[in-house]
Each structure stands twice: as C-alpha cells, then as structure tokens.
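Take a look at the structure set out below.
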Amino acid sequence: MKKALFVAPALFLLVAPAVYAQDGNSRPQPVVQPLTIPLPADKPYPGTMQLKVDATDFARGIFHVRQTIPVTKAGKLTLLYPEWLPGKHAPRGAIAEMAGFKASAGGKPLNWTRQPTDVYAFDVDVPAGAKSIDVTFDFLSPTRATEGRVVVTPAMMNLQWEQVSLYPAGYFTRAIPVQLEVTLPDGWTGATALDGLKMSGNRYSFAPTNYEVLVDSPMFAGKFFRKWDLGNKVTLNVVADEAKYLEASPDHIARHAALVSEAVALFGVRHFDRYEFLLALTDELGGIGLEHHRSSENSRNVDYFTKWNDNDSERGLLPHELTHSWNGKYRRPDKMWTPDFRTPMQDNLLWVYEGQTSFWDLVLAGRSGMQSKEMVLAEWATNAGYYGAQPGRQWRSVEDTTLDPVIAARKPKPFASWSRSEDYYNEGSLMWLDADMLIRQATNNAKSLDDFARAFFGGREGDFGQDTYDFDDVVAALNAVHPYDWAGFLRERMQASGQPAPTGGIERAGYRLVWRDAPNAYDRDRMAQAKNADLTHSLGMTIDKDGAATGILWDGPAFKADIVNGTKIVAVDGLSYSRERIEAAIRAATDAKTPVRLLVERGGRYRNIEIDYHAGLRWPHLEKTGSGPDWFDQLLAPRRRL
C-alpha cells in the first residue's frame with residue numbers, strides 16, 4: 001500500500017457584503033470548516049504508548065486511566081477516541097462515558113480542545129522539548145441498563161480497551177505500539193488473549209502489542225472463575241455471579257471441545273496461535289456476543305451449565321463467535337476493513353460476514369452436539385416462518401438491512417416487521433442453506449458449502465491478519481466449488497426486494513414449512529426463558545412477561561385493532577391476563593363466530609376490543625416430505641474424528 005500522510009490545505013473564509021433577498025430577509029452563507037485531522041498512514045509510530053488502567057473500583061463501576069504517549073515535536077497532537085468498532089458494524093464508541101480528561105507533560109498541565117466537528121478528536125498542545133505527554137481520565141461505566149450496557153458488577157467485569165484509551169491520529173492502528181497494565185480487584189482473576197502476562201499481586205502486565213490487537217483482545221475478570229482446556233489451543237474461561245454456576249460436567253466440556261474440533265475440521269486451519277472463549281454466566285452483567293480474532297466475549301444465563309437440558313436454544317452463541325475467527329476477522333469484506341477506528345465501515349456484505357456465520361453456528365452446533373437436530377431445524381423453521389409473514393420484504397432488500405446498525409443503532413422499532421431490522425443474520429443463514437443444498441444435490445453430495453468454507457476462509461495456519469474480499473470474490477469461490485449462476489443467485493436473494501419466503505434450502509433438503517398449534521423447540525425455549533407469548537402468526541404480536549404487547553406484525557390482527565408496542569393486555573374474556581388464558585381464547589375463536597375479547601390499557605386509557613381472528617394458534621415447524629434421503633442428516637453429520 002502506498003504510504004501517504006494527509007496535510008490539510010489552508011482554507012480561507014471570504015466575508016462578502018451582506019446579501020438581501022427580494023423579500024428583505026438576510027441570507028447567510030455557510031462557514032467553511034477546515035479538515036484538520038490527519039488521515040491514517042501506514043508508517044510506524046515513534047515510540048510505545050503506556051496504558052495503565054485501575055479497575056479496582058467495582059463498587060461504582062469506575063475505571064481510572066493513565067496513558068503515556070511518546071511525542072517527537074512541539075505543536076498540536078490529535079488524539080482519537082475509538083468510534084467505529086469492529087463487530088459492532090457502526091459508530092458505537094462510548095465517548096459519553098469519558099470524564100475528567102486532563103493532559104500534561106513533565107507534570108505541567110497542557111491546553112487541549114475537543115474538535116467541534118468531530119467530538120471523538122482531542123487536540124493537545126505539546127510544548128517544545130517534551131518527549132511524551134500524559135493523559136488521564138475516568139471511564140464512568142453504566143450502573144444500570146437505562147444508562148447503557150453494564151460492564152461492571154460486584155462479581156465480574158468486562159474490560160474493553162477501546163473504552164479506556166486513546167490513540168494518535170495519522171497512523172494505522174496496527175502501527176501504534178502499546179503496552180498495557182491493568183489492576184484488578186483483590187482476589188479476582190482475569191482472562192484475555194493478550195500475550196506476555198506478568199502478574200504481581202492483582203496487577204496484570206502484558207508484553208507490548210499494537211493498538212489494533214489491543215482493542216481486539218478484551219478481558220473478562222471476576223471473583224468466581226474457572227477455565228477448561230478444549231484442545232486445539234482453545235481455552236474456555238468462565239466467570240459467574242456465584243461459584244455454584246461454574247459446576248460444568250465432563251459431558252458439557254466435551255461438547256465444547258467437540259465444537260472446536262468441528263470448526264477446525266471445517267475450515268482446515270486455525271487463524272490463531274491460541275483462542276480464548278470469554279464467557280460470563282450472569283443476570284447482572286449486560287448481555288454480549290462479540291467476536292475477536294483470538295477470543296470472543298459471550299454472556300449466557302447463570303444456569304447455562306446447571307440446567308443444561310433447558311438451555312438448548314442458548315448454545316448457539318459460542319459456535320457463532322468462534323466461526324467469526326475465520327469469517328469476519330480473518331476474511332473480511334474490503335469495505336469493512338479500516339485502517340483506524342475513525343474511518344467509517346461499509347456494511348453491505350454482512351450477509352456473508354454475519355449471514356454465513358449464522359448458518360455455520362447452527363451447523364457446527366448440530367455436528368458437535370452443542371445443540372440437537374430438533375433445535376437446529378426449529379430455529380430455521382422460526383426464521384423461515386417469520387420472513388414468510390414479514391411485509392417489509394416488499395420494499396427492502398436483505399442487503400439494505402446491512403445498513404441498519406448505522407441507521408437504527410439497534411434501538412427498538414415501532415413496527416419492525418414493516419421497517420425491517422438486521423435480517424442479514426437469519427435470512428442470510430437461510431440463503432446459505434439454500435446454496436449448500438443446491439451444491440449437494442447437483443454433485444450428489446460430493447461437494448457442499450464445506451468446500452467453499454475451507455477454500456475461502458482457509459489459508460495459512462496461524463495467520464491472524466486480515467484477508468479482504470468483495471462480491472466478485474465470493475462468486476468466484478462458489479463457482480470453483482460448483483459452476484452455477486451464483487452472481488444471479490446472490491443478487492436475487494440478497495440485493496432484490498419483493499422476494500418470496502426464503503424456504504428454498506428447506507425444500508431442497510426434503511422438508512417443508514408447516515404450521516401447528518404448539519410451538520417448535522426453539523420457540524418453546526425462547527418463550528420459557530423470556531416468560532412471554534409469541535403470537536406472531538396468530539394475533540400478530542408478542543406479549544411480554546408483564547402483559548405488554550411488543551413486536552406488532554404490520555397489518556396483522558393486533559395492528560388492525562390499534563394495538564401498538566407497550567399496549568398492556570389487562571384481561572382476556574373478563575379475567576386477568578395470562579398466557580394460558582389468551583391461548584385458550586384463540587383456540588375458542590376457531591368457530592368463526594367467537595372473537596378474541598381483550599381489555600387493553602395504554603397511557604391510562606382503557607378499552608375493550610374484539611379481534612376478529614379464527615385461524616387458531618400457529619407456530620412454524622419443518623416436516624420431512626417423501627421417503628428420500630434426509631439431507632439435513634448429511635449436513636449435520638460430524639466431520640471430526642470420533
């Protein structure tokens with residue numbers, strides 16, 4: 001890559017005499033704002049930053065930060081707080097939680113100014129003769145969910161280094177050396193993929209690395225901690241709210257080890273020298289599932305191990321994040337790789353990055369025994385059923401939903417079925433299922449998407465750099481496995497709106513989508529965990545544990561009755577609301593004469609409504625057709641040596 005350092009041109013504002021419109025009103029002209037932040041260049045930063053984080057104040061969730069940054073000349077130094085974060089696919093930097101920012105050199109305070117046109121940029125006046133500057137600030141982590149994701153509890157914490165550091169503008173982040181030291185609460189144990197650990201009491205020091213790797217190597221730490229070796233240079237590190245939740249059986253660990261073996265068998269190589277699963281079993285820490293090249297941040301319910309048989313639907317997260325080491329971290333869309341954390345990412349190929357990962361997380365879970373075949377098929381059924389009923393498909397393509405992390409910032413939506421959300425995950429999974437089954441049947445099961453995965457995401461053992469690709473590269477790799485009009489296949493399913501329900505892969509596998517009056521395994525587990533009632537395919541809404549309506553289906557029965565998100569279902573047929581009562585009312589209404597009678601409340605106003613719905617309870621299932629081969633059995637058969 002050609003090295004280039006951006007130097008902002010001198011810009012001048014010419015002040016012209018006031019201009020008045022014919023109506024006599026003043027008309028100002030825009031003030032030209034100079035661009036003063038140097039663009040990133042691929043050149044080494046002169047020196048190693050020292051980053052010290054005091055994380056001992058877990059009672060108040062405050063991280064105290066001290067950073068020493070080498071400098072070579074006097075004048076303005078622009079420091080950037082990370083904004084565009086890999087894995088979040090959007091500008092999500094936690095700049096609002098930074099407080100108490102100060103800069104100094106040789107113990108003397110320095111002047112600084114935040115750039116008004118980029119609030120993530122701090123200009124510091126470096127004095128003549130200074131060899132380094134010191135920056136201090138506090139990161140005030142949220143103490144309740146309404147303030148943001150909670151990252152510190154009395155028993156554990158999730159340290160994400162981009163929240164507690166800055167970096168100098170004008171350099172690729174991979175070219176900026178940094179050395180970390182973090183002090184944890186007494187008695188706590190931390191785990192991270194960073195190398196060169198040296199411990200002195202509760203102080204963890206690491207070998208120098210570069211800023212890109214630092215940000216890609218978060219830490220989980222906690223009072224209650226256990227770890228297990230899963231083989232293949234992979235470790236499962238677990239923190240929990242209480243010690244009793246760490247009681248995993250040998251079978252539980254064997255299934256996690258099988259997951260790792262299946263991933264390595266699929267991709268053929270490991271794009272890590274070691275990999276650290278970071279798993280929090282918690283009711284208090286904010287939920288997370290975030291990929292990194294040599295680790296992943298994951299949280300599950302406290303009973304992940306202790307009620308294993310009740311948590312089948314919960315066990316798709318670790319397969320998903322592990323897959324990202326190959327798909328998303330090593331192979332990455334060319335417009336999603338950026339040289340620093342200020343350059344915007346373009347998300348249009350997330351249906352490969354996330355969509356194919358969502359396909360492989362189900363496949364690897366099934367092959368390893370992390371999830372049952374029933375659960376895998378049930379999740380595909382739920383997704384296919386939802387997209388078959390989703391009206392937003394009429395106007396918005398799957399690829400357009402890849403922009404949703406930026407457009408909507410993952411906030412709740414009034415009518416998500418019409419506006420659509422991040423459907424590139426689950427509809428992407430169904431599309432890749434279709435591709436796999438097409439290849440299998442065309443080659444009599446001699447080839448499959450496994451061959452694409454090994455060729456496209458493989459490469460050199462231990463390479464944890466990045467290898468970028470574009471749409472044409474995906475098409476070429478598919479054609480190398482099996483010649484077909486893959487460009488047309490992908491454009492039709494991902495880039496065009498108005499498509500039919502994405503059931504092609506299900507039908508090629510010898511199954512069909514059917515409707516029954518009892519939930520499938522995936523919907524059953526989801527509703528049990530959330531304590532809600534998903535009535536999307538009957539009344540066109542979900543009702544949460546408190547009786548409030550959510551997820552209103554556009555133009556569905558609830559929509560037509562003017563029910564919106566937050567409307568509380570107070571009573572069913574004159575009796576207080578319960579899931580059992582509303583399901584009974586839906587069954588009773590199948591005689592085509594009896595409506596579903598509800599008392600609802602919104603904003604202190606009550607009203608009785610009658611919903612004219614008579615098709616009964618409906619949940620999606622997959623049902624095998626005919627007596628031919630079960631292609632799902634072929635797909636989910638283990639690949640590791642048993």
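Computed from heavy atoms alone, side chains included, the values below leave out hydrogens, waters and symmetry copies. Just so it is clear, the model here is predicted, and its values are computed rather than measured.
The closest side-chain donor-acceptor pair between Asn327 and Thr357 falls under 3.5 angstrom. Judged purely by distance below 3.5 Å, without hydrogens or angles, the side chains of His292 and Glu321 never pair a donor atom with an acceptor atom. Looking at Asn565 and Thr550, their side chains never bring a donor and an acceptor atom within 3.5 Å of each other. A donor atom on one side chain and an acceptor atom on the other are found under 3.5 Å apart for Asp241 and Thr282. If you check the side chains of Asp283 and Asn301, you find no donor sitting under 3.5 Å from an acceptor. Remark: the Arg581 side chain and the Ser576 side chain contain an N/O donor-acceptor pair separated by less than 3.5 Å. Checked by atom type, the side-chain pair Tyr511/Thr503 shows no donor-acceptor distance below 3.5 Å.
Taking the centre of each ring, His256 and His252 stay at or above the 6.0 Å mark. Aromatic ring centroids of Tyr245 and Phe305 lie 6.0 Å or more apart. Between Tyr353 and His89, the ring centre distance stays below 6.0 Å. Between Trp515 and His621, the distance from one ring center to the other does not fall under 6.0 angstrom.
When every heavy atom of Val260 is checked against every heavy atom of Val234, the shortest pair comes out as CG1-CG2, 3.6 Å. Closest non-hydrogen pair, Ala521 versus Ala378, comes out as N-CB, 3.9 Å. Minimum interatomic distance between Ala389 and Leu553 (heavy atoms only, all atoms of both residues): O-CD1, 3.8 Å. Smallest separation of non-hydrogen atoms from Glu354 and His324: OE1-NE2, 2.9 Å. Counting all heavy atoms, side chain and backbone alike, Ser538 lies closest to Arg618 at CB-N, 4.4 Å. Scanning both residues, Ala155 and Ala240, for their nearest heavy atoms gives CB-O, 4.1 Å.
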Inset, instruction - Give the C-alpha distance, both sets of side-chain angles, the deciding distance and a yes or no for side chain to side chain contact (heavy atoms under 4.5 Å, CB included) between Gln529 and Ser313. - result: CA-CA 10 Å; Gln529 289 171 8; Ser313 64; 3.5 Å; yes
Legend entry - Steps toward salt bridge (Lys or Arg N to Asp or Glu O under 4.0 Å) verdict (Lys560, Asp612): CA-CA 10 Å; Lys560 291 176 181 177; Asp612 189 25; over 6 Å; no
Inset, instruction - Assess whether side chain to side chain contact (heavy atoms under 4.5 Å, CB included) is satisfied between Val600 and Lys568, documenting all intermediate values. - result: CA-CA 5 Å; Val600 301; Lys568 186 161 186 179; over 6 Å; no
Inset, instruction - Start with the C-alpha distance between Thr382 and Asn520, add both sets of side-chain angles, then the distance that settles side-chain hydrogen bond (donor to acceptor under 3.5 Å, both in side chains), and finish with yes or no. - result: CA-CA 8 Å; Thr382 294; Asn520 63 49; 3.1 Å; yes
Legend entry - Check against salt bridge (Lys or Arg N to Asp or Glu O under 4.0 Å), Glu276 and Lys227: CA-CA 10 Å; Glu276 308 289 338; Lys227 68 177 181 179; over 6 Å; no
Legend entry - Chi angles and distances behind the side chain to side chain contact (heavy atoms under 4.5 Å, CB included) call for Leu230, Phe277: CA-CA 10 Å; Leu230 301 181; Phe277 278 118; 3.9 Å; yes
Inset, instruction - For side chain to side chain contact (heavy atoms under 4.5 Å, CB included), just list the numbers for Val352 and Trp432, CA-CA rounded to whole Å, side-chain angles, deciding distance to a tenth of an Å, and then say yes or no. - result: CA-CA 9 Å; Val352 182; Trp432 288 112; 4.0 Å; yes
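You'll find the side chain of Leu349 stays beyond 4.5 Å of the side chain of Thr402, heavy atoms only. Between Ser368 and Ser261, every side-chain heavy-atom pair lies at or beyond the 4.5 Å cut-off. Put simply, the side chain of Glu242 does not reach to within 4.5 Å of the side chain of Leu281, judged on heavy atoms.
The pair Glu422-Arg410 meets the salt-bridge criterion, since a charged nitrogen lies less than 4.0 angstrom from a carboxylate oxygen. Between Arg508 and Asp434 there is a salt bridge, since a side-chain N of the basic residue sits under 4.0 Å from a carboxylate O of the acidic one. Between Arg597 and Glu610 there is a salt bridge, since a side-chain N of the basic residue sits under 4.0 Å from a carboxylate O of the acidic one. Comment: Arg526 engages Asp534 in a salt bridge, judged by a side-chain N to carboxylate O separation of less than 4.0 angstrom. Salt bridge annotation for Arg605-Glu601: absent, with no cationic side-chain nitrogen under 4.0 angstrom from a carboxylate oxygen. Lys411 and Asp404 are not joined by a salt bridge, as no carboxylate oxygen comes within less than 4.0 angstrom of a charged side-chain nitrogen. Ion pairing between a basic and an acidic side chain is recognised when a charged N comes within 4.0 Å of a carboxylate O; Arg493 and Glu427 show no such pairing.
The side chain to side chain contact (heavy atoms under 4.5 Å, CB included) search around Ser448 returns Asp436, Arg440, Asp450, Asp451, not counting sequence neighbours. For Asp251, the side chain to side chain contact (heavy atoms under 4.5 Å, CB included) criterion is met by Ser249, Arg255, not counting sequence neighbours. Remark: His293 pairs with no residue by the side chain to side chain donor-acceptor pair (under 3.5 Å) rule, at least two apart or across chains. For the side chain to side chain contact (heavy atoms under 4.5 Å, CB included) test, no residue two or more places apart in sequence or in another chain qualifies with Asp229. Shown here are the side chain to side chain contact (heavy atoms under 4.5 Å, CB included) partners of Arg149, two or more places apart in sequence or in another chain: Val151, Asn158, Gln160, Leu285, Ile288.
Each of Trp351, Tyr424, Trp380 was checked for a side chain to side chain contact (heavy atoms under 4.5 Å, CB included) with Ser429, and the lone residue meeting it is Trp380. None of His320, Glu297, Lys329 except one satisfies the side chain to side chain contact (heavy atoms under 4.5 Å, CB included) rule with Glu291; the exception is Lys329.
Using the six-membered ring where Trp is involved, Phe267 and Trp326 have ring planes that are parallel, under 30° apart on the 30 and 60° scheme.
For the atom pair CE of Met541 and CD1 of Ile563, the computed distance is 4.5 Å after rounding to the nearest 0.5 Å. The CD atom of Glu399 lies 10.5 Å from the CG atom of Asp347; values are rounded to the nearest 0.5 Å. Taking CG from Asp562 and CD1 from Ile609, the interatomic distance works out to 8.5 Å, rounded to the nearest 0.5 Å.
The main-chain N or O of Gly510 is found under 3.5 Å from a side-chain atom of Thr625 such that the two form a donor-acceptor pair.
In this structure, Arg315 is positioned above the aromatic face of Trp308, its NZ or CZ under 6.0 Å from the six-membered ring centre and within 45° of the axis.
Within the structure, no pair that satisfies the salt bridge (charged side-chain N to carboxylate O under 4.0 Å, His left out) test touches residues 545-556, not counting sequence neighbours.
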